[in-house]
Student: 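Supplied in structure tokens, the structure appears directly below.
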Amino acid sequence: MRYAAPTTIKEATGLMAKAKGNAFVLAGGTDLLVRMKSGLAEPDLVVDIKRIPALQTITRAAGGFRIGAAVPSAKLGEHAALIKAWPGVVEAANLIGSDQIQSRCTVVGNLCNASPAADSVPAMVAAGAKAVIAGPKGRRTIPIEDVVVGPGKTQLKKGEVVEALTLPKPAPRTGDAYLRFIPRTEMDIAVVSAGVCLTLDAKGVVKRARVALGAVGPTVVTVPAGADAIVGTSLDDVALARLAAACEAACKPIDDKRGTIEFRTEVAGVLARRAAKIAYQRAGGK
Ligand SMILES: Cc1cc2nc3c(=O)[nH]c(=O)nc-3n(C[C@H](O)[C@H](O)[C@H](O)COP(=O)(O)OP(=O)(O)OC[C@H]3O[C@@H](n4cnc5c(N)ncnc54)[C@H](O)[C@@H]3O)c2cc1C
């Protein structure tokens, strides 16, 4: 196995493009190294992107934010402006593992590992985040929800590396929130999760919303019907019940030792309701 630590994204994509056999990007390594140790991944080449200075910063971009692919999750929780703008995204990133894991792991690694239960992804989808992908043919930017195409699978082509994530400037009176269910208090993988982002008008009526669920399908599930259920309302009980019903209807979970189909489906509705209420308060709704 060859290990390379380039210092520019161009070098990194060049190495990935020319690689023979299995080539993997290494960010925090908190997924990749576990898979290598258990024999599930056998790389011929590992390209460590943590030495690329341009990927290590959170910067303001077009009023929003650009989070470099090598930024550890812990840094998101230390960024006051990011917390103020996108508290739901930050709380999701800061639920990953433990302090030790967060000092290494990245939200881009969380995305590219392509687990349906990845914590940061529903929150980023709800927030309208995008992935900036660099490759041998240049750069392209796509919505976060289009990156993962199935469990463990992304749409990245040979030589492509996610360079950064972008979060838009939140419209006035916007709030977001992320909640997950795990059977213990931390260090566990979401059995079900929900991210909600909504924008209110001056009267506290929801005028835009995005709802995304984790661990209830092969990829993160967006629920446009859930968003429609709360748009035009002040998040009264009827709207919340409709949101929960839409989320339950959108679920296609598996049955496993961590949760049954029935349990995951019901909890998806419950978490979406609770996340919507938090997002509503954060947006300034009363
Ligand atoms: C003890 C422990 C607890 C954990 N708890 C949680 C949890 O609570 N919630 C949760 O969601 N996850 C959890 N995880 C999983 C893991 O920590 C996260 O998924 C983490 O965000 C992965 O980020 P990373 O930077 O370490 O990724 P890496 O391991 O470096 O990479 C993961 C995958 O993505 C690819 N990749 C990484 N960066 C890029 C890039 N820029 N471009 C293209 N491909 C890329 C890699 O090749 C690899 O296939 C846990 C892991 C451990 C070991």
Side-chain angles (χ1 to χ4, degrees), residues 1 3-6 9 12-13 15-17 19 22-38 40-52 54-56 66-77 89 91-124 131-135 139-140 142 144 147-149 151-165 178-193 195 214-215 220 258:
M1 186 192 89
Y3 167 87
I9 188 75
T13 55
L15 283 161
M16 291 294 290
N22 289 326
F24 287 86
V25 171
L26 174 77
T30 61
D31 277 315
L32 184 60
L33 293 188
V34 175
R35 288 179 60 216
M36 285 167 65
K37 285 198 167 182
S38 55
L40 292 170
E42 293 187 353
D44 298 293
L45 172 68
V46 167
V47 177
D48 185 348
I49 56 165
K50 284 260 182 180
R51 311 284 173 93
I52 304 176
L55 269 51
Q56 290 165 2
R66 182 183 166 98
I67 303 169
V71 172
S73 296
K75 287 272 178 217
L76 274 60
V89 172
E91 72 197 347
N94 288 169
L95 277 173
I96 300 174
S98 57
D99 288 352
Q100 292 90 334
I101 294 290
Q102 283 169 34
S103 71
R104 284 289 310 169
C105 79
T106 62
V107 282
V108 174
N110 196 224
L111 171 72
C112 294
N113 190 54
S115 160
D119 274 311
S120 66
V121 183
M124 293 195 293
V132 182
I133 301 168
R139 282 187 174 79
R140 61 192 180 107
I142 61 171
I144 288 292
V147 174
V148 177
V149 293
K153 289 198 184 96
T154 67
Q155 63 135 290
L156 296 180
K157 299 187 183 77
K158 187 164 168 67
E160 287 191 327
V161 175
V162 178
E163 188 177 17
L165 301 174
Y178 173 79
L179 291 172
R180 71 174 180 182
F181 173 82
I182 56 171
R184 51 188 194 177
T185 51
E186 58 182 271
M187 292 290 281
D188 207 341
I189 293 164
V191 180
V192 192
S193 64
V220 165
R258 308 182 60 251

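Counting starts at 1 for both ligands and their atoms, following the listed order.
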Student: Specify whether the nearest protein heavy atom to atom 50 (C) of ligand 1 is under 4.0 angstrom away.
Tutor: no
Student: Quick one: CG on Asn110 to OG on Ser115, what's the gap to the nearest 0.5 Å?
Tutor: 7.5 Å
Student: What's the shortest distance from atom 4 (C) of ligand 1 to any protein heavy atom, and which residue and atom give it?
Tutor: Gly97 CA, 3.7 Å
Student: What heavy-atom pair brings Val220 and Pro116 nearest, and what distance separates the two atoms?
Tutor: CG2-O, 4.2 Å
Student: What do you reckon, does Arg180 put a non-hydrogen atom under 4.0 Å from ligand 1?
Tutor: yes
Student: Between NZ of Lys158 and CE of Met16, what distance do you get to the nearest 0.5 Å?
Tutor: 7.5 Å
Student: Please check if the side chain of Gln102 supplies one atom and the backbone of Asn94 the other of a donor-acceptor pair under 3.5 Å.
Tutor: yes
Student: Examine distances only and state if a side-chain atom of Arg140 and a backbone atom of Ala131 form a donor-acceptor pair shorter than 3.5 Å.
Tutor: no
Student: Please compare Gly214, Ala215, Gly29, Gly109 and report which has the shortest non-hydrogen distance to atom 30 (O) of ligand 1.
Tutor: Gly29
Student: What protein heavy atom is closest to atom 9 (N) of ligand 1, reported as residue, atom name and distance in Å?
Tutor: Asp119 OD2, 2.7 Å
Student: Any chance you could measure Thr106, atom OG1, to Asn113, atom CG, to the nearest 0.5 Å?
Tutor: 9.5 Å
Student: Identify, for atom 36 (N) of ligand 1, the protein heavy atom at the shortest distance, and state residue, atom and that distance.
Tutor: Cys112 CB, 3.6 Å
Student: Enter the distance from Ile49:CD1 to Leu26:CG here, rounded to the nearest 0.5 Å.
Tutor: 8.0 Å
Student: Suppose we measure from atom 14 (N) of ligand 1 to each protein heavy atom; which comes out shortest, and what is that distance?
Tutor: Ile96 CG2, 4.2 Å
Student: Under 3.5 Å between any N/O of Gly28 and any N/O of ligand 1: does that happen in this structure?
Tutor: yes
Student: Any non-hydrogen atom of Asn113 lying under 4.0 Å from ligand 1?
Tutor: yes
Student: Answer with side chain, backbone, both or neither: which part of Met187 has a heavy atom less than 4.0 angstrom from an atom of ligand 1?
Tutor: side chain
Student: How far is atom 52 (C) of ligand 1 from its nearest protein heavy atom, and which residue and atom name does that atom have?
Tutor: Ile101 CD1, 3.7 Å
Student: Give the numbers and elements of all ligand 1 atoms closer than 4.0 Å to a heavy atom of Leu95.
Tutor: 8 (O)
Student: Donor-acceptor pair, Asp44 side chain versus Asn22 backbone, under 3.5 Å?
Tutor: yes
Student: Under 4.0 Å from a heavy atom of Val161: give me the atoms of ligand 1 that qualify, with their elements.
Tutor: 41 (N), 42 (N)
Student: Any atom of ligand 1 sitting under 4.0 Å from a heavy atom of Asp188?
Tutor: yes
Student: Of Leu26, Asp48, Thr106, which has the heavy atom at the shortest distance from atom 25 (O) of ligand 1?
Tutor: Thr106
Student: Which of the numbered atoms in ligand 1 are below 4.0 angstrom from a heavy atom of Ala69?
Tutor: 41 (N)
Student: Is the shortest distance from a Lys or Arg side-chain nitrogen in Glu163 or Arg66 to a carboxylate oxygen in the other one below 4.0 Å?
Tutor: yes
Student: Out of curiosity, Gln56 CD to Lys75 NZ, how far, rounded to the nearest 0.5 Å?
Tutor: 10.0 Å
Student: Of all the non-hydrogen atoms in the protein, which one sits nearest to atom 17 (O) of ligand 1, and at what distance?
Tutor: Thr30 OG1, 2.7 Å
Student: To which protein heavy atom is atom 22 (C) of ligand 1 closest, and what is the distance rounded to 0.1 Å?
Tutor: Asp31 OD2, 3.2 Å
Student: Show the atoms of ligand 1 that are less than 4.0 angstrom away from any heavy atom in Leu156.
Tutor: 43 (C)
Student: Hey, does the side chain of Glu91 reach the backbone of Tyr178 with a donor-acceptor pair shorter than 3.5 angstrom?
Tutor: yes
Student: What about Ile189: any of its N or O atoms under 3.5 Å from an N or O on ligand 1?
Tutor: no
Student: Just let me know how Ile49 lines up against ligand 1, side chain, backbone, both or neither, with a heavy-atom cut-off below 4.0 Å.
Tutor: side chain
Student: What I want to know is whether Leu32 and ligand 1 share at least one N or O pair that is separated by under 3.5 angstrom.
Tutor: yes
Student: Under 3.5 Å between some N or O of ligand 1 and some N or O of Val25?
Tutor: yes
Student: Considering only heavy atoms from C-beta outward, does the side chain of Val108 approach that of Leu55 to under 4.5 Å?
Tutor: no
Student: Find out whether Asp188 and Arg258 are in side-chain contact, i.e. whether some heavy atom of one side chain is under 4.5 Å from a heavy atom of the other.
Tutor: yes
Student: To check your reading of the model: name the closest protein heavy atom to atom 42 (N) of ligand 1, its residue, and the distance in Å.
Tutor: Val162 N, 2.9 Å
Student: Pick from Ile9, Val132, Leu15, Ile133: which one makes a side chain to side chain contact (heavy atoms under 4.5 Å, CB included) with Val161?
Tutor: Ile9
